[in-house]
There are 2 protein chains.
Amino acid sequence: MAIRLKDIAADLGISAVTVSKVLRGKPDVGEETRQRVWERVRAVNYQPNLLARGLASGKSQTVGLIVPDLLHTFFAEFAKGLKAGLRKRGYQLILASAEEEPQLEREEIDTLLARGVDALLLATCQPEEDALASLAAIQVPCVLVDRAIPASGRPFVGTDDSAAGRLATEHLLSLGRRRIAHIAGEGFSTGLDRLQGYRHALTTAGIEPRSEWVVCRSRLEEAGDRIGEAAMAEFLALPERLDAVFCYNDLSAIGAIRAVLAAGLRVPEDIAIVGCGNLRLADYMRVPLTSIDQSTGEQGEWAAKLTVLLLAGKEKNLDRQVRLAPKLVPRSSTQGS
Amino acid sequence: MAIRLKDIAADLGISAVTVSKVLRGKPDVGEETRQRVWERVRAVNYQPNLLARGLASGKSQTVGLIVPDLLHTFFAEFAKGLKAGLRKRGYQLILASAEEEPQLEREEIDTLLARGVDALLLATCQPEEDALASLAAIQVPCVLVDRAIPASGRPFVGTDDSAAGRLATEHLLSLGRRRIAHIAGEGFSTGLDRLQGYRHALTTAGIEPRSEWVVCRSRLEEAGDRIGEAAMAEFLALPERLDAVFCYNDLSAIGAIRAVLAAGLRVPEDIAIVGCGNLRLADYMRVPLTSIDQSTGEQGEWAAKLTVLLLAGKEKNLDRQVRLAPKLVPRSSTQGS
DNA sequence: GTGAAAGCGCTAACAG
DNA sequence: CTGTTAGCGCTTTCAC
């Protein structure tokens, strides 16, 4: 068994409570005692048992994050920023992944709560109705991430996705494109908002959005390349040729580009393509990909900040919505090269 | 406060011990009692407090994994496989990332142990000496991952990296290349073993490895593209021109390709390039990248299996080394197109 | 088959 | 400033 608090206390001939106080930085301990405790703690490399501490105190200084899939670099990057932000504020992170399975997500929620996390951050992969039910049962502060559910009344940190849709579409318009299609993401606010931004930009430019130029697809995070390729093939089969496509994410954009090239057309000369997410490798693709950057790491930092404020009761606005502004990163897939 | 074991017991007019036994599947409880307990548990959606359970039992049915960085898809994929394997065997996973900082890794080790994990899996980013010191202090079963440290006497699961080096080099040799360079990874067994495999393949083919054709670089996981590009530029400045390069990983291979193309040369006609890791997007690169696949998910599964065997005391070979065979995935960067 | 008693290692609340 | 007393919610042990 590892060394315990009471061992240290016994060694020093003082009470366990005093040692505990020193460890937690309580002020009501004499300077000399404090010194001796720390000295001994370091000497034996004592580590407090977090299970016991959490059980006794009802607090764990730990928050949980559940993401749909860590293979999506977005979430890995978000987790990284979040972790740094939490650390800076004296909190730890437990990371869990739902592997895109709603059932697993529910289990992870239960597990993290059973582990006594002080707060939960959730990028849900559940359909809205189910997510609402899950959320309703969560008794600790809970921040939604990436995928918004306004009806939940929970705080949110994510991208301003409708701005992302607008930005991408306006970029294409500014290049003189007029017949702009969209491969949309289905099922979550990210997809719906980007679609809305796309429509808004078109309308503002005096172009009537055409329904045959929008396809909605799910699972774009996992299989976007295949799905994007197939969707693009459908677009290419339309009687009137498009001159640009805004894709829900970079993976689907990469697939779309493949389909365009396979059809013997050029990117961007014949069809310009914009993705979203700004993948690390976007610049090394067959055609370097114009994309929308989401400042993912910053989102994590924001989430940390907001969560800790909530925990401290210092955030008055209990359904605070933080939406970071997306940025366009132009590359060859829209600008020639 | 959440509902407790004793609440259920009180509701049913039985003792907490009996409820606890039912929950843990102990046999010495009457069938009828068992039914009633489960019914009530489901009705109130009771979740056992894991802190209390862990504290009381000294077991948590949880293992911890520490990786250098979740942004390396290798580790995200490994974690996924591991998680699935553990789940199947009734264990949970707590995932931690050291963000490539040895100090953080040490803290994560301490934290996970303080959380009472039953076992620890570690892909260390510490230099061997430091890692040995850290490992020596770990009192629970501990499996090394990806980066081997034979001197530690700990079990290991990873790639057969020297086979990977051989495979890549033999592939290049089989294509008639003779002047084959290597951008090697520094500091860990992965890099050293791949280098050794490279040398072995050359020697076996009757080619004397030349020191100016090997450069060792660190941080290739994070900044491989930049570093690979620079390393390739150095190679190109040598008096005698290479005709192939085996790169430590895909990221550095991508950088190397960029440098080759920037010099006005062709891949693979002038210089063939092989990477390692088989990135998801390898096929969509400027030049689709020939790579070595590491069966990453399977490695995770193996790690789960081995860990649970260790925990059950069923693995006799306490420093069991599992090295999965790598596979070559040929693409245009070596084969033309 | 069932349950009473005794903790697991720590902290909260209060007393000195 | 320091320590005592009582738990946190669960499991273990061992009687019945």
Side-chain angles (χ1 to χ4, degrees), chain A residues 1-38 40-41 44-62 110-111 113-118 139-140, chain B residues 1-38 40-41 44-62 92 110-118 139-140:
Chain A
M1 217 51 199
I3 183 154
R4 297 154 306 171
L5 191 52
K6 69 160 64 152
D7 297 328
I8 305 230
D11 291 352
L12 262 36
I14 60 182
S15 87
V17 178
T18 303
V19 178
S20 172
K21 282 174 176 166
V22 172
L23 252 23
R24 287 173 297 131
K26 296 289 172 191
D28 56 346
V29 178
E31 188 50 38
E32 195 205 345
T33 314
R34 187 183 305 279
Q35 299 277 333
R36 292 177 59 217
V37 169
W38 275 119
R40 186 101 197 111
V41 161
V44 300
N45 189 32
Y46 166 75
Q47 300 290 143
N49 181 321
L50 295 176
L51 300 182
R53 177 176 280 185
L55 184 59
S57 70
K59 264 111 184 45
S60 60
Q61 291 289 110
T62 300
D110 288 341
T111 303
L113 294 175
R115 279 192 204 289
V117 295
D118 296 336
Q139 308 279 357
V140 300
Chain B
M1 218 48 197
I3 184 153
R4 296 155 308 172
L5 191 50
K6 70 159 63 149
D7 297 329
I8 306 232
D11 291 354
L12 261 37
I14 61 181
S15 86
V17 179
T18 303
V19 178
S20 172
K21 282 175 176 167
V22 173
L23 252 23
R24 287 174 298 132
K26 297 288 172 193
D28 57 346
V29 177
E31 187 51 38
E32 195 205 345
T33 313
R34 188 184 305 279
Q35 299 277 334
R36 292 179 56 219
V37 169
W38 275 120
R40 186 97 197 113
V41 161
V44 300
N45 187 32
Y46 167 74
Q47 300 290 142
N49 180 320
L50 263 20
L51 300 181
R53 176 176 279 186
L55 183 58
S57 70
K59 266 112 184 45
S60 60
Q61 291 289 110
T62 300
Q92 297 182 330
D110 288 340
T111 302
L112 286 174
L113 293 175
R115 280 192 204 291
V117 295
D118 295 337
Q139 309 279 356
V140 300

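Residue numbers start from 1 in every chain, and the chains themselves are labelled A, B, ... in the order their sequence lines are given, proteins ahead of strands.
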So which of residues 10-21 of chain B are in contact with DNA chain D, with a heavy-atom cut-off of under 4.0 Å? Val17(B), Ser20(B)

Atom pair CG/OG of Asp118(B) and Ser57(B) - distance to nearest 0.5 Å: 8.0 Å

With nearest nucleotide decided by heavy atoms, which residue, Ala52(A) or Thr33(B), maps closer to the 5′ end of DNA chain C? Thr33(B)

Hey, does Asp28(B) reach any base, or is it just sugar-phosphate, or nothing, if we go heavy atoms under 4.0 Å? base

Under 4.0 Å, counting only non-hydrogen atoms across every strand here, what does Arg24(A) touch: a base, just sugar-phosphate, or nothing? sugar-phosphate

Side chains of Arg53(A) and Ser20(A): donor-acceptor distance under 3.5 Å anywhere? no

Tell me: [atom1] of [X] to [atom2] of [N], nearest whole Å?
X: Lys6(B); N: dT11(D); atom1: NZ; atom2: C1'; answer: 14 Å
X: Lys26(A); N: dC14(C); atom1: NZ; atom2: P; answer: 14 Å
X: Leu23(B); N: dT12(D); atom1: CG; atom2: P; answer: 13 Å
X: Leu50(B); N: dT11(D); atom1: CG; atom2: P; answer: 10 Å
X: Arg36(B); N: dG1(C); atom1: CZ; atom2: C1'; answer: 14 Å
X: Asn49(A); N: dC10(D); atom1: CG; atom2: C1'; answer: 14 Å
X: Glu31(A); N: dC1(D); atom1: CD; atom2: C1'; answer: 12 Å
X: Lys59(B); N: dC10(D); atom1: NZ; atom2: P; answer: 19 Å

Below 4.0 Å: OP1/OP2 of dC10(C) and any side-chain N or O of Tyr46(A): yes

Quick one: are Leu55(B) and Leu51(B) in side-chain contact, heavy atoms under 4.5 Å? no

May I ask you to test the Leu5(A)-Tyr46(A) pair for a side-chain heavy-atom distance under 4.5 Å? yes

Among the candidates [options], find the nucleotide nearest to the side-chain atoms of [X].
X: Ala56(B); options: dT2(D), dT11(D), dC10(C); result: dT11(D)
X: Ser57(B); options: dT2(D), dC8(D), dT11(D); result: dT11(D)
X: Arg53(B); options: dG7(D), dT11(D), dC1(D); result: dT11(D)

Quick one: does any side-chain atom of Ser60(A) pair with a main-chain N or O of Gly116(A) as donor and acceptor, under 3.5 Å? yes

Between Arg115(A) and Leu50(B), is there a donor-acceptor pair closer than 3.5 Å when you use the side chain of the first and the backbone of the second? no

Any carboxylate oxygen within less than 4.0 angstrom of a Lys/Arg side-chain nitrogen, looking at Arg40(A) and Asp11(A)? yes

